[in-house]
Amino acid sequence: MQRKNYTIIEYKDDIDKLGLEQTWHKILKKSLKNEFDSDLFIVDNFGELYEVGLEYVNKINKKEMGKYYTPRDVSRIMSKWLLKLEGENICDVGCGTGNLILNYLEIIGKDEAQKLIEDGKIYLFDKDNIALEICKYSIAIIYGEDMLKSIHAKKCDFLSNKIKLPKNCKVISNPPYYKIKEIQKDWESTKVLNNSKELYSCFMEKIIKNSVASVIITPYSFIGCGKFYSLRQELNNYNGFIVSFDNVPGNIFSGRKYGIFNSNKGNSVRAAITVVENKKNKKGFRLSPLIRFKTNERENLLDCDILEKMINPRYQYITPKDRSYYKCHEDLLDVFDTWKAVSNKKLGDLITSNNNKKSICIPTTCRYFTVGAQKMLNRNGKRIIYIEDDEKYDYVYCLINSSFAYWYWRLYDGGINCPLTILSSIPVFYDKLSEKDRRDIHRIAMRMYKDESKYLVYKMNAGKLQENIKFPIKYRKEINKIFLRVFESNYEETIFNKVHSSSIFNDCEVEENE
């Protein structure tokens, strides 16, 4: 184990001989004494190399722990936000191998970091004893062996009532992302726990309720999904901001050399960073739009100032009427408000269960725009809606093919599929249309009905060709222009370009669909 060219193969051989825990115990002891002469096993590599070991020993167990490695650039962003917050004691909850806390200590500088550690103000919590040891020893390797005795490292089930955060603390965390299979007896029974049954949301609740401030990266599903409504209600008691990221074309959790379940660029996790500031006389949270970025834009994007400029200034407060947060560009807030104000119904009010009525076929996936078709598309993922009134059929057809339906999905969801609940809740303003508006809508709808077969596209998925329609952008812009006239304002149809764009940094629409 003292070989300079110690390799991954030899690492796995040691795991076979000693087991994963003993292998790491020896690596850390030797690294601490500067006796482990390896260019591979240095602190910066510990996290990923530990995951290689976990994969080698038990990949399924790794998945069930719900761990997602926090990339270094994301850790730095979170650490910089944490640095701005109030709080004397620093806690890393679900610390893993320490990417977050190590970045925070690096940012504050060696002298301040050593003082913070010596004063006993660093607290680490994790259920994984090996990861916890790696985290603790990594700090000691960088800041001195004598720091070991001052670090509070707790192997624990964080949700246990026995586990308490220290007073006057601020927390940085990447909690486990895994569905709760069994509620433990010593957990506090809360609405968040019982309604969501997700580890990450329960971690969020406990952290936010018991700390002065916090920075937490999680899936973004809590922003709008129904089962997290009670968590959003709890967030009403606090304030801060939430930055959410799409996973196409670039992904926050990609770019790793070694990985288990989250290393590829097709990762399904759409992440959000929640910063609980707890400013005086504020309630609710400010949100960014759902941020898309290209891989080559990552370095430019992951900057505190850049991201904060994307957050709109409106504090959102959850009510029984407004049960979800919306992710809106700041310069589209006025359009959004006007749309809601002129609408007196929801799309669901125009939908009937009577399948003898005219139908619209809607593909469930909608990466860059939504599609509605008269044709029954030959594909697996689709929703069929029936419109109760033939006179309103053209309007609904155009609405689905406009930017409005797609934007609404991005505002309140933006995941893999467009749920029927989202479609049904789209605000509609049919009653506000003039006779000219209705004639224009009918005219473009007739053209699109006729042209559907011209714009059929196919994509292979799960061994089967999936049929869809890719209408030219000109149709969508024409519909948008008609709808925007209802708002009695000077909005241009190009305002939606940024909604369809593949990058937050430009307003160019993309021609792709899935």
Side-chain angles (χ1 to χ4, degrees), residues 68 70-81 174 177 200 215-225 240-255 262 264-277 285-316 324-333 335-336 365-370 403 406-418 422 495-510 512:
Y68 276 73
T70 315
R72 184 175 176 82
D73 51 6
V74 177
S75 298
R76 289 190 67 81
I77 284 287
M78 294 174 65
S79 297
K80 287 178 180 179
W81 276 328
N174 180 358
Y177 311 168
Y200 88 79
V215 182
I216 312 169
I217 185 167
T218 66
Y220 82 162
S221 48
F222 76 94
I223 292 173
C225 184
F241 60 86
I242 303 169
V243 180
S244 55
F245 302 90
D246 205 340
N247 72 342
V248 289
N251 187 291
I252 281 297
F253 284 114
S254 68
N262 58 318
N264 63 70
K265 295 182 180 180
N267 191 295
S268 62
V269 174
R270 289 165 169 84
I273 299 176
T274 302
V275 179
V276 183
E277 296 175 303
F285 282 77
R286 298 176 293 128
L287 278 85
S288 76
L290 184 53
I291 296 171
R292 276 190 174 134
F293 63 96
K294 297 176 181 178
T295 302
N296 61 5
E297 298 170 333
R298 184 182 180 102
E299 184 176 353
N300 186 29
L301 174 73
L302 293 179
D303 176 274
C304 289
D305 292 336
I306 295 294
L307 290 173
E308 287 178 38
K309 287 177 182 176
M310 297 177 187
I311 302 166
N312 76 59
R314 181 177 296 174
Y315 283 88
Q316 296 184 45
S324 299
Y325 297 118
Y326 49 86
K327 307 178 291 294
C328 190
H329 296 80
E330 180 177 353
D331 53 355
L332 290 179
L333 282 172
V335 186
F336 180 53
T365 51
C366 39
R367 178 173 292 180
Y368 291 112
F369 49 85
T370 48
S403 293
Y406 178 76
W407 183 33
Y408 193 83
W409 171 68
R410 295 283 291 176
L411 285 166
Y412 286 102
D413 193 298
I416 299 173
N417 296 322
C418 183
I422 293 292
I495 63 172
F496 293 119
N497 285 3
K498 65 181 59 184
V499 174
H500 298 282
S501 175
S502 62
S503 170
I504 196 75
F505 293 111
N506 65 60
D507 293 345
C508 299
E509 291 194 45
V510 292
E512 302 175 51

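- The distance from the NZ atom of Lys327 to the CG atom of Asp413 is 6.5 Å, given to the nearest 0.5 Å.
- Under the ring pair (Phe, Tyr, Trp, His ring centres under 6.0 Å) criterion, Tyr200 pairs with Phe228, not counting sequence neighbours.
- Of the options Val248, Ile504, Asn247, a side chain to side chain contact (heavy atoms under 4.5 Å, CB included) to Arg292 is made by Val248 and by none of the others.
- Side-chain atoms of Ile242 and Val275, non-hydrogen and from C-beta on, never get closer than 4.5 Å to each other.
- Between Thr274 and Phe222, the shortest heavy-atom contact is OG1-CZ, 3.2 Å.
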Check the pair Val215, Ile273 against side chain to side chain contact (heavy atoms under 4.5 Å, CB included), reporting the backbone distance first and the verdict last.
CA-CA 7 Å; Val215 182; Ile273 299 176; 3.8 Å; yes
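- For Phe241, the ring pair (Phe, Tyr, Trp, His ring centres under 6.0 Å) test picks out Trp81, with sequence neighbours left out.
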Verify ring-ring contact (aromatic ring centres under 6.0 Å, His included) between His500 and Tyr406, making sure each step is shown before the conclusion.
CA-CA 8 Å; His500 298 282; Tyr406 178 76; 4.9 Å; yes
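- Without hydrogens or angle criteria, Asn312 side chain to Cys328 main chain gives a donor-acceptor distance under 3.5 Å.
- Side chain of Arg270 to backbone of Asn251: no donor-acceptor contact under 3.5 angstrom is found.
- Ring geometry for Phe336 against Tyr326 counts as tilted: the plane angle lies between 30° and 60°, on a 0 to 90° scale.
- Residues passing the side-chain hydrogen bond (donor to acceptor under 3.5 Å, both in side chains) test with Ser288: none are found, sequence neighbours excluded.
- At least one donor-acceptor pair closer than 3.5 Å links the side chain of Ser501 to the backbone N or O of Asn506.
- Pairing each heavy atom of Ile223 with each of Ser244, the nearest pair is CD1-CB, 3.9 Å.
- Residues passing the side-chain hydrogen bond (donor to acceptor under 3.5 Å, both in side chains) test with Asp331, sequence neighbours excluded: Lys498.
- Residues passing the ring pair (Phe, Tyr, Trp, His ring centres under 6.0 Å) test with Phe496 are Phe404, Trp407, sequence neighbours excluded.
- In terms of heavy atoms, Ser75 sits closest to Thr70 at OG-CG2, 3.3 Å.
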Would you sort out whether Phe285 and Arg314 count as a side chain to side chain contact (heavy atoms under 4.5 Å, CB included), showing the intermediate values?
CA-CA 8 Å; Phe285 282 77; Arg314 181 177 296 174; over 6 Å; no
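- To the nearest 0.5 Å, atoms CD1 (Ile291) and CG (Leu307) are separated by 5.5 Å.
- Between the CD1 atom of Ile495 and the OG atom of Ser403 there is a distance of 8.5 Å, given to the nearest 0.5 Å.
- The minimum heavy-atom distance linking Gly240 with Tyr315 is given by the pair O-CE2, 4.0 Å.
- For the atom pair SG of Cys418 and OH of Tyr408, the computed distance is 10.5 Å after rounding to the nearest 0.5 Å.
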Step by step, would you call Asn300 with Phe293 a side chain to side chain contact (heavy atoms under 4.5 Å, CB included)?
CA-CA 10 Å; Asn300 186 29; Phe293 63 96; over 6 Å; no
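- If you take CD on Glu277 and CZ on Arg286, they are separated by 5.5 Å, rounding to the nearest 0.5 Å.
- At least one side-chain heavy atom of Gln316 sits under 4.5 Å from a side-chain heavy atom of Leu287.
- Partners of Tyr220 by side-chain hydrogen bond (donor to acceptor under 3.5 Å, both in side chains), not counting sequence neighbours: none found.
- A pairwise comparison of heavy atoms in Phe245 and Ile252 identifies CG-CG1, 3.5 Å as the closest pair.
- Taking SG of Cys366 as the start and CZ of Arg410 as the end, the distance is 9.0 Å to the nearest 0.5 Å.
- In this structure the side chain of Arg298 reaches within 4.5 angstrom of the side chain of Pro71, judged on heavy atoms.
- Across all their heavy atoms, Gly415 and Trp409 have their closest contact at O-CZ2, 3.0 Å.
- Annotation: side chain of Cys304 is in contact with side chain of Ile77 (closest heavy-atom distance under 4.5 Å).
- In summary, of the residues considered (Val243, Val499, Asp246, Leu411), a side chain to side chain contact (heavy atoms under 4.5 Å, CB included) with Leu290 occurs for Asp246 alone.
- No side-chain donor-acceptor contact under 3.5 Å links Glu308 to the backbone of Asp305.
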